[in-house]
Amino acid sequence: MFTGAQITAAFVDLGITHVVWLPDSTLGTWDAAIEQCPALSLVRVCREGEAWLIAAGLYLGGKQPIVVMQTTGMFESGDAMRNALFDLRLPLYAIIGHRSYLLPHSTDSARRFAEPVLAAWGIDTQLLASPDELDRFAQHYRACIQAGRPGVTLLAEGKG
């Protein structure tokens, strides 16, 4: 999808201070670029549920974090996400790798449930399926942050 250099430049331009993540094999290709960027702090977590709570603490401490994980991690971290976004009403933003989205005949339940789960929770979500859509990510991120609401960009994954 996006290269590490592209996403790092976008994060810096958006004022993101911390990348809180447990990456998958697709998003993990950004690791070196993020780690080498002096303007970003990379926070690796052991479980996805930790990511939401660490991002919440960073936000409450005046930082601008972004959460990054795959759809299966989003499912695993649902209670922590619910707590941070709805109980605490924090405008946290996430990039979530939409596992198997680009595999049209996939029977992967993660592919089938990601969008309906986010829609049921009423989270402002957009799907990006092409590497030339980086500007759409930045626009959506800015709109959500300016409105003080949580948001998610789903990044299509899988090779057809």
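Everything quoted here is computed from the prediction, not taken from an experiment.
Summarising the geometry of Arg111 relative to Ser106, their closest heavy-atom pair is CD-CB, 3.9 Å, with the distance given to 0.1 Å. Summarising the geometry of Ala156 relative to Leu127, their closest heavy-atom pair is N-CD1, 4.3 Å, with the distance given to 0.1 Å. For Leu90 against Leu85, the heavy-atom pair with the smallest separation is O-CD2, 3.6 Å. In plain terms, the two heavy atoms of Ala110 and Thr71 that are nearest each other are CB-OG1, 3.6 Å. Taking each heavy atom of Asp108 and Ser100 in turn, the nearest pair found is OD2-OG, 2.8 Å. Across all non-hydrogen atoms, the minimal contact from Asp124 to Cys144 is OD2-SG, 3.8 Å.
Clustering ILVMFWY residues whenever any of their side-chain heavy atoms sit less than 4.5 angstrom apart, transitively, puts Phe75 in the very cluster that holds Phe86. Placement of Ile54 and Leu40 in two distinct hydrophobic clusters is found when ILVMFWY residues are connected by side-chain heavy-atom separations under 4.5 Å, directly or transitively. Linking ILVMFWY residues whenever their side-chain heavy atoms come closer than 4.5 Å, directly or via other members, leaves Leu53 and Val67 in distinct clusters. Note on Leu92 and Val117: same hydrophobic cluster, where clusters join Ile, Leu, Val, Met, Phe, Trp and Tyr whose side-chain heavy atoms are under 4.5 Å apart, directly or indirectly. Residues Ile66 and Ile7 share a hydrophobic cluster, clusters being chains of Ile/Leu/Val/Met/Phe/Trp/Tyr side chains in contact below 4.5 Å.
When the options Val43, Leu42, Val45 are evaluated for a side chain to side chain contact (heavy atoms under 4.5 Å, CB included) with Trp21, the one that passes is Leu42.
Within 6.0 Å of CZ on Arg47 lie no more than 12 heavy atoms contributed by other residues, nucleotides or ligands.
Between the side chain of Thr8 and the backbone N or O of Ala5, no donor-acceptor pair lies under 3.5 Å. Listed for the Glu76 side chain is a donor-acceptor partner under 3.5 Å among the backbone atoms of Gly49. In this structure, the side chain of Trp30 engages the main chain of Phe2 through a donor-acceptor pair within 3.5 Å. Thr72 places no side-chain N or O within donor-acceptor distance of the main-chain N or O of Gln70, the cut-off being under 3.5 Å.
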Show, in sequence, the C-alpha distance, side-chain angles and deciding distance for Ile96 and Glu48, and conclude whether the side chain to side chain contact (heavy atoms under 4.5 Å, CB included) test is met. CA-CA 11 Å; Ile96 298 176; Glu48 288 86 348; over 6 Å; no
Could you walk me through whether Leu128 and His140 pass the side chain to side chain contact (heavy atoms under 4.5 Å, CB included) test, one step at a time? CA-CA 11 Å; Leu128 302 184; His140 190 250; over 6 Å; no
Would you check, one step at a time, whether the test side chain to side chain contact (heavy atoms under 4.5 Å, CB included) holds for Met74 with Leu118? CA-CA 10 Å; Met74 177 190 71; Leu118 290 166; 3.5 Å; yes
Show the numbers, then the answer: is there a side chain to side chain contact (heavy atoms under 4.5 Å, CB included) between Met1 and Thr29? CA-CA 10 Å; Met1 179 59 77; Thr29 62; over 6 Å; no
Candidate pair Thr153 and Gln126, rule side chain to side chain donor-acceptor pair (under 3.5 Å), full reasoning: CA-CA 5 Å; Thr153 289; Gln126 71 169 350; 3.0 Å; yes
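Side chains of Leu27 and Leu155 form a contact here, defined as non-hydrogen atoms less than 4.5 Å apart. Contact annotation: the side chain of Ile145 never approaches that of Leu14 to less than 4.5 Å [non-hydrogen atoms, C-beta and beyond].
We find the CG-OH distance between Leu154 and Tyr101 to be 9.0 Å, quoted to the nearest 0.5 Å. Interatomic distance, Asn83 CG to Met81 CE, rounded to the nearest 0.5 Å: 11.5 Å. Note: Arg44 CZ to Ile34 CD1 = 9.0 Å, rounded to the nearest 0.5 Å. In this structure, CG in Leu134 is found 6.0 Å from CD in Gln6, a value given to the nearest 0.5 Å. Here the CG-CH2 distance, from Asp79 to Trp52, works out to 12.5 Å after rounding to the nearest 0.5 Å. Here the CE atom belonging to Met69 is positioned 7.5 Å from the CG atom belonging to Leu22, to the nearest 0.5 angstrom.
Using a 4.0 Å cut-off between charged side-chain N and carboxylate O, Asp24 and Arg99 make no salt bridge.
Side-chain polar atoms of Ser130 and Glu133 form no donor-acceptor pair below 3.5 angstrom.
Using the six-membered ring where Trp is involved, Phe11 and Phe137 have ring planes that are perpendicular, over 60° apart on the 30 and 60° scheme.
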